[in-house]
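Numbering starts at 1 and runs along the sequence shown. In this text, all values refer to a predicted model and were calculated from it rather than measured experimentally. The figures that follow rest on heavy atoms only: side chains count, while hydrogens, waters and symmetry mates do not.
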Amino acid sequence: MSKVVGVLSGEDKEEIQNLFEKKLALENLVKIIDTDNSKIYDKLVMDYGKTLRQFQEWWMVNSQKYKWEGQNWRIDFETSEVISNDI
């Protein structure tokens, strides 16, 4: 069961959507990159770690700022709705 617990501003939506898309792109890239090329692989791992921290920080900051119900959310990027999967 899910419930809409908030609606993102245009700026907040753009920020999390960019982080989400970058995270997915890096996850897909790691599947095809040759791990023997340590320079590129190491850069990829560093970029992924940084992006993941930014992604998690966005959720932590905004969930506290807007006091969203629940603890497990997702975003409908078409409507900008924040949806709790806990409720």
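- When all heavy atoms of Ser84 and Gly70 are compared, the pair lying nearest together is OG-CA, 3.8 Å.
- With hydrogens and angles left out, the side-chain atoms of Ser9 and Glu11 include no donor and acceptor closer than 3.5 Å.
- By the side-chain contact (heavy atoms from CB on, under 4.5 Å) test, Tyr66 pairs with Asp12, Asn62, Trp68, sequence neighbours left out.
- The minimum heavy-atom distance between Lys13 and Ser80, with the atom names listed, is CD-OG, 3.1 Å.
- Atom OG of Ser63 and atom CD of Gln71 lie 9.0 Å apart (nearest 0.5 Å).
- Put simply, Leu24 and Ile32 are part of two different groups of oily side chains (I, L, V, M, F, W, Y) that touch within less than 4.5 Å, one to the next.
- No more than 12 heavy-atom neighbours from other residues, nucleotides or ligands sit within 6.0 angstrom of CD on Glu14.
- The structure places CD1 of Ile16 at 5.0 Å from CD1 of Ile75, a figure rounded to the nearest 0.5 Å.
- In the hydrophobic cluster analysis, where Ile, Leu, Val, Met, Phe, Trp and Tyr join through side-chain heavy atoms closer than 4.5 angstrom, Trp73 is grouped together with Phe55.
- Interatomic distance, OG1 of Thr35 versus CG of Leu44, reported as 11.0 Å (0.5 Å rounding).
- With rounding to the nearest 0.5 Å, the separation of CD in Glu81 from NZ in Lys3 is 13.0 Å.
- Residues meeting the side-chain contact (heavy atoms from CB on, under 4.5 Å) test with Asn72, sequence neighbours left out: Asn85, Asp86.
- Transitive grouping of hydrophobic side chains (ILVMFWY, heavy atoms separated by less than 4.5 Å) brings Leu26 and Val30 into a common cluster.
- Judged as a side-chain hydrogen bond (donor to acceptor under 3.5 Å, both in side chains), the pairs with a partner in residues 36-45 (not counting sequence neighbours) are, in order, Lys43-Asp47.
- Transitive grouping of hydrophobic side chains (ILVMFWY, heavy atoms separated by less than 4.5 Å) brings Val5 and Leu8 into a common cluster.
- Residue pairs meeting the side-chain hydrogen bond (donor to acceptor under 3.5 Å, both in side chains) criterion with at least one partner in residues 48-60, sequence neighbours excluded, are Glu27-Tyr48.
- When side chains are defined from C-beta on, Val82 does not count as touching Val4, because their heavy atoms never get closer than 4.5 Å.
- A ring pair (Phe, Tyr, Trp, His ring centres under 6.0 Å) check over residues 5-35, counting only residues at least two apart or in different chains, returns the pairs Phe20-Phe77.
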